[in-house]
There are 2 protein chains.
Amino acid sequence: MREPSPEKQEAILNTALTLFTERGFFGTPTSLISKKAGVATGTLFFYFRTKEDLIDTLYRRVKSEAAREMCRGLDKEKTAKDKLRRLGKNAAGWGIRNPAKLKFMEQFAHSPFVSTNAHEEGMSHFLFLEDLVRDGIRNGEIRDVDPSGLFCIMASALSGLIAHALLTDDPAEREKIIGNGLDFIWYGMKVEE
Amino acid sequence: MREPSPEKQEAILNTALTLFTERGFFGTPTSLISKKAGVATGTLFFYFRTKEDLIDTLYRRVKSEAAREMCRGLDKEKTAKDKLRRLGKNAAGWGIRNPAKLKFMEQFAHSPFVSTNAHEEGMSHFLFLEDLVRDGIRNGEIRDVDPSGLFCIMASALSGLIAHALLTDDPAEREKIIGNGLDFIWYGMKVEE
DNA sequence: GTGTAAATTGACTAGTCAGTCAATATGGTG
DNA sequence: CACCATATTGACTGACTAGTCAATTTACAC
C-alpha cells in the first residue's frame, strides 16, 4: 500500500496561501495552484475535496498558528501591562516573520469564501485575549470601559502597527516602531494617573 | 443627438459597489451587475471600458467622498485634540451611514484589482491627516514620535472602532462606543501630564 | 520478484466569464 | 414630421474554470 504524502499536501497549502493573498480566491484558478505546487490537477482534488475545502483548511491552520505564537510566555508575566506588551511583541514578531500568513488572515478574516465553521473555530483561539483585558480592568490597571470594544480597537491598532513596521527592512527601526506603537496602545487602555 | 444617461451610470456603480463588497471582484460577474442594475450587458461596457475600469472609478469616488466627509468643519476647531475628535466623529458618522462604502474601501484598499493610479489618487486625499498630526507634535499636544507611524495606527484603530460600533443598532450605545474609542486614540497620542 | 492497494496523472466535460457587434430604439434638432 | 447621431440591446464568441475519471505509476507487504 501507498501512503498519502504530507509534503505534497503541504506544498499545495503553501502555494495556495501565496496565490490567494496575491490574487484573491476567485482570482486563483486551481490549475494555477497545482501547477505552481508541482502536482497534477487531480492530486489537488485528492487532498482537498473542493477549492472551498482548501481555503478552509488553510484558514484554520494559519489562525491557530497565530494564536499559539501570540500566547508564548504569556503566563510568565504578572501584570496586565506586561502581559499585553509581551502579547504585542509576540504578534508583531510573528507577523514580521510571516507576512504572507498575516496578509492572508487579514484578507479572509471576514470573507464569505471561508465557512462559518472555520471562522468560529478561528475566533475561539483568541477568546483568552478578552479575558486578559477583563482581568486588567478588575485589578484597576485598565480603564473601566466595555472590554470587547477595547479589545477590538486594540486588535485593529496592533494590526495597523505591524503593517507599518513591515514597511522598513531595518530591524532596529522596526523595534522602535513597534515599541512606540505598543506605547500608543497601552496609553490608550491604562487608567490615568 | 442622444445624451448619455447619468442615472444609468449611477445605477451600475451602486449595484457594483454592493456586489463587489458582498462577493468580491472575481466573484461578481459583469452579467450579474448589469442584470441587477436593470441594463443590458452592452450598456455596462458602453459606460465602462472594462471591469477594471468600473472598479477603478468606484474606488476613486468612494475614497474622495470619504475624505470630503471627514474634513467637515475641521477648520472650525482650534487644538489638535479638538480637530482629531471632530475628524473621528465625522469618520464614524460617515461609516455608519454608509456601511457598504466603508466595507468596499477596507476590502479594496490594498487590492491588486484597483490600479496603482487610483490607489495613489485615493491616498492623496488623506495626506492632510499626517500634517494634522505633525502640527500637534510641533505645538506640544502630541507625543514626539514618527508622525506617519502614529497616523497609521490611528487610522487602523479608527477603522476597528467603526466596525465595532456598527455591531449595535442602538444610537446611544453607538455614541458611547465611539466616545470611548476616540478617548483610546487620544490617550494613545497625547503627551503625558 | 510479484501482487496490489492506493497515489498520481492529465485529457476531458459541462458550465461560466469578459467583452463584441450588428441590429434596434430613442430623443434631440431643424 | 423626418433625420440622424448615439444610447441600448442581447445573442454570440473564444477563453477559461472547477472538478471527474480511466489509465498509469508508485511503494510497500509478502
Side-chain angles (χ1 to χ4, degrees), chain A residues 1-60 104 107-108 111-115 117-118, chain B residues 1-60 104 107-108 111-115 117-118:
Chain A
M1 299 189 214
R2 231 182 131 182
E3 295 291 305
S5 142
E7 298 92 47
K8 282 216 164 117
Q9 205 191 14
E10 215 62 34
I12 294 168
L13 282 168
N14 287 333
T15 312
L17 176 81
T18 319
L19 290 174
F20 282 152
T21 50
E22 277 171 2
R23 316 168 41 114
F25 181 67
F26 282 111
T28 309
T30 51
S31 59
L32 186 65
I33 301 174
S34 51
K35 196 175 150 192
K36 288 225 177 195
V39 300
T41 354
T43 308
L44 190 152
F45 288 98
F46 175 77
Y47 286 102
F48 305 94
R49 272 186 14 270
T50 61
K51 201 182 173 186
E52 267 83 11
D53 185 30
L54 173 57
I55 200 173
D56 243 49
T57 310
L58 210 41
Y59 188 81
R60 279 175 220 269
F104 177 84
Q107 206 167 122
F108 294 100
S111 154
F113 314 135
V114 174
S115 76
N117 251 339
Chain B
M1 299 187 215
R2 233 179 128 184
E3 293 291 305
S5 140
E7 298 91 48
K8 281 213 165 120
Q9 206 191 10
E10 216 62 32
I12 294 168
L13 282 168
N14 287 333
T15 312
L17 176 80
T18 318
L19 291 173
F20 281 152
T21 49
E22 276 170 5
R23 316 167 42 113
F25 182 68
F26 281 108
T28 309
T30 51
S31 59
L32 186 65
I33 300 173
S34 51
K35 196 173 149 193
K36 289 224 178 194
V39 300
T41 356
T43 307
L44 190 152
F45 288 98
F46 175 77
Y47 285 102
F48 305 95
R49 273 185 14 268
T50 61
K51 199 182 174 185
E52 267 83 10
D53 185 28
L54 173 58
I55 200 173
D56 244 48
T57 309
L58 212 40
Y59 189 81
R60 280 176 221 268
F104 177 84
Q107 204 166 122
F108 295 101
S111 153
F113 314 136
V114 174
S115 76
N117 252 338

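Note on naming: letters A, B, ... go to the chains in the order of the sequence lines (proteins, then strands), and numbering restarts at 1 for each one.
Where the helix from dG1(C)-dC30(D) to dG30(C)-dC1(D) starts and where it ends, the local axes point in directions that differ by 10°; five pairs per end, rounded to 10°.
Closest contact between the side chain of Pro4(B) and the listed nucleotides dA7(D), dG19(C), dT9(D) involves dA7(D). Set against dA18(D), dT8(C), dT6(D), the side chain of Phe46(A) has dT8(C) as its closest nucleotide. Checked against dT8(D), dA18(C), dT17(D), the side chain of Ser31(A) finds its nearest nucleotide in dT17(D). Side chain of Ala40(B), nearest nucleotide from dT8(C), dC17(C), dG10(D): dG10(D).
Side-chain atoms of Thr28(A) come within 3.5 Å of backbone N or O of Leu19(A) as a donor-acceptor pair.
Protein atom CD1 of Ile33(B) is 18 Å distant from nucleotide atom C1' of dT9(D), rounded to whole Å. Look at CZ on Phe25(A): it is 8 Å from P on dA18(D), rounded to the nearest Å. For the pair Leu54(B) CG and dA18(C) C1', the interatomic distance rounds to 12 Å; values are reported in whole Å. Here dG19(D) presents its C1' atom at 10 Å from CG of Leu44(A), a figure rounded to the nearest Å. For the pair Leu32(A) CG and dG19(D) P, the interatomic distance rounds to 15 Å; values are reported in whole Å. Distance, Phe26(B) CZ to dA18(D) C1': 16 Å, rounded to whole Å. dA18(C) atom C1' lies 15 Å from atom CD1 of Ile55(B), rounded to whole Å. Protein atom CD1 of Ile12(B) is 13 Å distant from nucleotide atom P of dA7(D), rounded to whole Å.
The closest side-chain heavy-atom distance from Arg23(B) to Pro29(B) is below 4.5 Å.
Closest approach of Ala37(B) to Ala11(B), counting heavy atoms only: CB-O, 3.9 Å. The minimum heavy-atom distance linking Pro6(A) with Pro4(A) is given by the pair CD-O, 3.3 Å.
Taking the six-membered ring where tryptophan is involved, the planes of Phe25(A) and Phe20(A) are tilted, since the angle between them lies from 30° to 60°.
The line from CD1 of Ile33(A) to CZ of Phe48(A) is 9.5 Å long, rounded to the nearest 0.5 Å. Note: Thr15(A) OG1 to Glu10(A) CD = 10.0 Å, rounded to the nearest 0.5 Å. A distance of 9.5 Å separates CD of Gln9(B) from CG of Leu54(B), quoted to the nearest 0.5 Å. For the atom pair Leu58(A) CG and Leu17(A) CG, the distance stands at 5.0 Å (nearest 0.5 Å).
Note on Lys8(B): a side-chain N or O is less than 4.0 Å away from OP1 or OP2 of dT8(D). Note on Thr43(B): a side-chain N or O is less than 4.0 Å away from OP1 or OP2 of dT9(D).
Among the heavy atoms of the strands lying under 4.0 Å from Thr28(B) are primed sugar atoms or P, OP1, OP2 only; no base atom is included. In this structure, Tyr47(A) reaches the sugar-phosphate backbone alone: every heavy-atom distance under 4.0 Å involves primed, P, OP1 or OP2 atoms, never a base.
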For nucleotides 20-30 of chain C, give me one character per nucleotide, 5' to 3': B if any protein heavy atom sits under 4.0 Å from the base, S if the only such contacts are to the sugar-phosphate, - if neither. B-----BBB--
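With the nearest nucleotide of DNA chain C identified for both Gly27(B) and Gly38(A), Gly38(A) has the one nearer the 5' end.
For residues 36-59 of chain A, the pairs satisfying side chain to side chain donor-acceptor pair (under 3.5 Å) are Asp56(A)-Arg60(A), Asp56(A)-Ser115(A), Tyr59(A)-Lys63(A), with sequence neighbours left out.
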